[in-house]
Every structure is written in structure tokens, then in C-alpha cells.
K.L.:
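Sending over a structure as C-alpha cells; questions will come in a sec.
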Amino acid sequence: MPRVKRGVAAHKRHKKILQLAEGHRGTRNRLFRPAHESVMRSLAYMYRDRRNRKRDMRRLWITRINAAARMHGVSYSKLMHAIHTANIEVDRKILAEMAVHDEVAFSALGKAALEAVQ
């Protein structure tokens with residue numbers, strides 16, 4: 001059986017990890033073992049935080065909608081109930097955007113939803 005030299009594959013693998021570790025501090029971007037540990041940890045954080053970002057954005061939208069709704073004298077839960085009961089197809093992202101940038105449209109939508117409930 002012929003002899004297999006693994007230097008090229010190992011060099012390629014190490015180079016790939018060291019490129020991913022670019023920007024890390026100290027030996028974490030120069031030596032393979034600390035770089036590998038650092039990269040694996042950073043990839044785990046990336047995976048976790050892509051999911052957490054969705055969670056955080058939804059919380060932000062709800063906070064903004066609640067603040068705008070209370071400025072119009074209604075709570076967040078009553079406003080959302082009215083919107084769903086009135087079959088208004090607007091998600092929280094768009095509602096939050098309206099609450100921040102287009103207050104007239106937000107109040108009109110809120111009035112229409114609350115009138116449909118009563």
C-alpha cells in the first residue's frame with residue numbers, strides 16, 4: 001500500500017481556520033490550537049445569536065407598539081386583539097415602523113381596529 005503524506009491537507013485545514021480567526025487577539029489568530037478553539041466558540045455564538053436577534057427584534061417591536069398605543073389611550077394587548085378581530089393583516093414589524101415613522105397612519109389603523117371591535 002502506498003504511503004500517504006498528509007501535509008497538504010493539514011496545511012489547508014489550518015490555513016482555513018487561521019483565516020476565520022483573523023481579527024482575534026493575541027495568539028488566537030496566529031497559533032492553530034488557540035485559533036481553532038476561538039473559531040469554534042465564535043461560530044457557536046454566531047449560530048445562537050442569529051436566533052436571539054429574532055427574539056430581540058420582536059421584543060423591540062412590541063415595546064414600540066405598546067408605547068405608541070398608550071399615547072393613544074389603549075394598551076398593547078387591547079390594540080392587538082382589536083387588530084386581529086378586525087382581520088387587519090399587519091404584522092408587528094410593520095406596526096412598529098408605523099408607530100415610529102408614520103404616527104397618523106398608526107392612529108388611523110388603531111381607530112379602525114377599535115371601531116370594528118365595538
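Owing to the predicted nature of the structure, the values given are computational and were not obtained by experimental measurement.
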K.L.:
Under 3.5 Å, side chain of R30 to main-chain N/O of G26, donor-acceptor pair present?
P.N.:
yes

K.L.:
Would you find more than 12 non-hydrogen atoms of other residues, nucleotides or ligands less than 6.0 Å from R6 atom CZ?
P.N.:
no

K.L.:
Linking I/L/V/M/F/W/Y whenever their side-chain heavy atoms sit closer than 4.5 Å, directly or via other members, would I65 and V90 fall into one cluster?
P.N.:
yes

K.L.:
Whether the side chain of T85 engages the backbone of H81 through a donor-acceptor N/O pair (distance < 3.5 Å, no angle test) should be reported.
P.N.:
yes

K.L.:
Just so I know, are the side chains of H14 and I17 near enough to count as touching, which here means a heavy-atom distance under 4.5 Å?
P.N.:
no

K.L.:
Mark yes or no: R51 above the aromatic ring of Y47, with NZ or CZ under 6.0 Å from the six-membered ring centre and no more than 45 degrees from the axis.
P.N.:
yes

K.L.:
Counting only heavy atoms not in R25, do more than 12 sit closer than 6.0 Å to its CZ atom?
P.N.:
no

K.L.:
Is the side chain of R58 donor-acceptor paired with the backbone N or O of K54 at a distance under 3.5 Å, no angle test?
P.N.:
no

K.L.:
Could you check whether any side-chain N or O of D91 sits under 3.5 Å from a backbone N or O of I94, counting only pairs where one atom can act as donor and the other as acceptor?
P.N.:
yes

K.L.:
Hydrophobic clustering (ILVMFWY, side-chain heavy atoms < 4.5 Å, transitive) - are M98 and L60 grouped together?
P.N.:
no

K.L.:
Can you get from V74 to I88 by hopping between Ile, Leu, Val, Met, Phe, Trp and Tyr side chains that sit under 4.5 Å apart?
P.N.:
yes

K.L.:
To the closest 0.5 Å, what do you measure between CG (L79) and CD1 (I83)?
P.N.:
4.0 Å

K.L.:
Any chain of hydrophobic side-chain contacts (each under 4.5 Å) joining Y76 to W61?
P.N.:
no

K.L.:
So, the side chain of S42 versus the backbone of V39: is there a donor-acceptor pair under 3.5 Å, distance only?
P.N.:
yes

